[in-house]
Amino acid sequence: MLKEGHKDSDVRYKNPYEYAKYVKKHFECMKADGYQVTISERLYYRATKDKKIEQWLENNLTMLPSCMKSLSDIITVTGGHIVSCICHMNNYNNISTEICAADRFRERALTGGRMTSRSMIRTTTVSEIEEQIKYNSIFWTPEAKSAGFKAKA
């Protein structure tokens with residue numbers, strides 16, 4: 001629903017609840033089986049007030065299925081599989097992607113144990129997640145090193 005008295009170039013939704021319903025219905029990534037997407041109430045609210053934030057959110061939601069396919073393909077090629085993946089869109093320019101992957105090669109080598117790795121990728125856009133997937137060894141690296149800097153645990 002368009003706001004009354006506003007042009008199409010303005011934000012289209014008058015409240016966060018209405019906008020959340022639209023996003024959940026119209027974006028493939030919100031219905032995906034292999035990963036979850038969470039969007040904060042604050043981000044929905046800000047997107048209803050600012051066209052730039054709305055566009056940022058929708059562009060990232062559109063790119064997410066391709067990014068998650070690349071993520072899955074890379075983990076598979078390295079001998080692993082995704083156990084869980086949650087992409088948290090917390091605020092404008094603030095995405096945290098939590099990935100838990102199991103290494104199939106290590107699983108075979110060990111008896112009874114399952115080797116899993118957890119990584120948290122913090123980015124400003126979905127395309128940056130894909131860049132990190134392609135150019136960094138984030139999946140078999142401890143979380144403190146996976147964000148591109150050395151953090152103390």
Side-chain angles (χ1 to χ4, degrees), residues 1-78 80-103 116-153:
M1 267 178 114
L2 290 174
K3 289 181 176 180
E4 269 187 48
H6 290 276
K7 299 175 191 165
D8 286 337
S9 63
D10 288 340
V11 178
R12 296 176 290 178
Y13 298 91
K14 61 183 174 188
N15 65 56
Y17 174 75
E18 186 180 295
Y19 186 54
K21 280 180 27 180
Y22 166 80
V23 166
K24 290 173 185 169
K25 183 177 178 182
H26 288 92
F27 288 90
E28 176 186 339
C29 63
M30 300 304 287
K31 304 170 208 161
D33 289 332
Y35 57 92
Q36 289 181 300
V37 180
T38 64
I39 302 171
S40 71
E41 289 181 27
R42 177 185 170 106
L43 183 54
Y44 279 127
Y45 174 79
R46 291 189 68 202
T48 63
K49 303 294 181 198
D50 187 327
K51 183 71 174 171
K52 179 179 173 184
I53 294 171
E54 178 188 11
Q55 285 183 306
W56 173 88
L57 177 59
E58 292 185 13
N59 288 342
N60 281 284
L61 292 172
T62 300
M63 290 188 292
L64 204 51
S66 172
C67 177
M68 291 298 124
K69 174 144 180 25
S70 293
L71 168 70
S72 180
D73 290 349
I74 289 170
I75 291 175
T76 299
V77 165
T78 61
H81 66 281
I82 294 175
V83 176
S84 67
C85 182
I86 304 171
C87 184
H88 304 278
M89 294 187 166
N90 305 312
N91 206 345
Y92 177 64
N93 282 337
N94 183 345
I95 301 172
S96 298
T97 307
E98 184 179 345
I99 304 160
C100 183
D103 186 341
T116 59
S117 294
R118 182 179 167 274
S119 291
M120 181 69 78
I121 305 169
R122 293 175 179 90
T123 60
T124 60
T125 67
V126 166
S127 62
E128 290 172 1
I129 298 168
E130 199 162 357
E131 289 171 22
Q132 286 195 33
I133 293 166
K134 289 179 180 175
Y135 301 111
N136 296 319
S137 301
I138 59 173
F139 304 105
W140 316 118
T141 305
E143 180 183 347
K145 295 180 184 177
S146 69
F149 59 89
K150 294 188 179 186
K152 293 184 179 183

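Along the sequence shown, residues carry numbers from 1.
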For the atom pair [atom1] ([X]) and [atom2] ([Y]), what is the distance rounded to the nearest 0.5 Å?
X	Y	atom1	atom2	result
K14	K49	NZ	NZ	11.5 Å
H88	N94	NE2	CG	11.0 Å
R122	I95	CZ	CD1	13.0 Å
L64	T125	CG	OG1	11.0 Å
T48	L57	OG1	CG	11.0 Å

Quick check: closest heavy atoms across [X] and [Y], and the distance to 0.1 Å?
X	Y	result
W56	N91	CH2-O, 3.4 Å
K31	K24	CE-O, 3.4 Å
S127	M63	N-CE, 4.1 Å
L43	N90	CB-O, 4.1 Å
M30	V23	CG-O, 3.6 Å

Problem - Residue that, paired with M68, satisfies side-chain contact (heavy atoms from CB on, under 4.5 Å) out of V37, V126, T97 - result: T97
Practice task
Mind telling me whether Y19 and Y44 have parallel, tilted or perpendicular rings, with 30° and 60° as the class edges?
Solution key: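 Geometry flag for Y19 against Y44: perpendicular rings.
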Exercise for the section: For Y22, look at atom OH and say whether over 12 heavy atoms of other residues, nucleotides or ligands are found less than 6.0 Å away. Expected result: yes
Exercise for the section: Take C29 and Y35 through the side-chain contact (heavy atoms from CB on, under 4.5 Å) test and state the conclusion after the steps. Expected result: CA-CA 8 Å; C29 63; Y35 57 92; 3.4 Å; yes
Exercise for the section: Indicate yes or no: at least one non-hydrogen side-chain atom of Y92 is less than 4.5 angstrom from one of D50. Expected result: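 No, too far: nothing below the 4.5 Å cut-off.
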Handout entry: Validation row: I129, L71 side chains within 4.5 angstrom (heavy atoms)
Key =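 Side chain of I129 against side chain of L71, heavy atoms only: no contact under 4.5 Å found.
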Handout entry: Polar side-chain atom of S72 near backbone of K69 as donor-acceptor pair, under 3.5 Å
Key = no
Practice task
Decide, yes or no, whether a salt bridge links E54 with K51 under the criterion of side-chain N to carboxylate O below 4.0 Å.
Solution key: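 Looking at E54 and K51, the cut-off is met.
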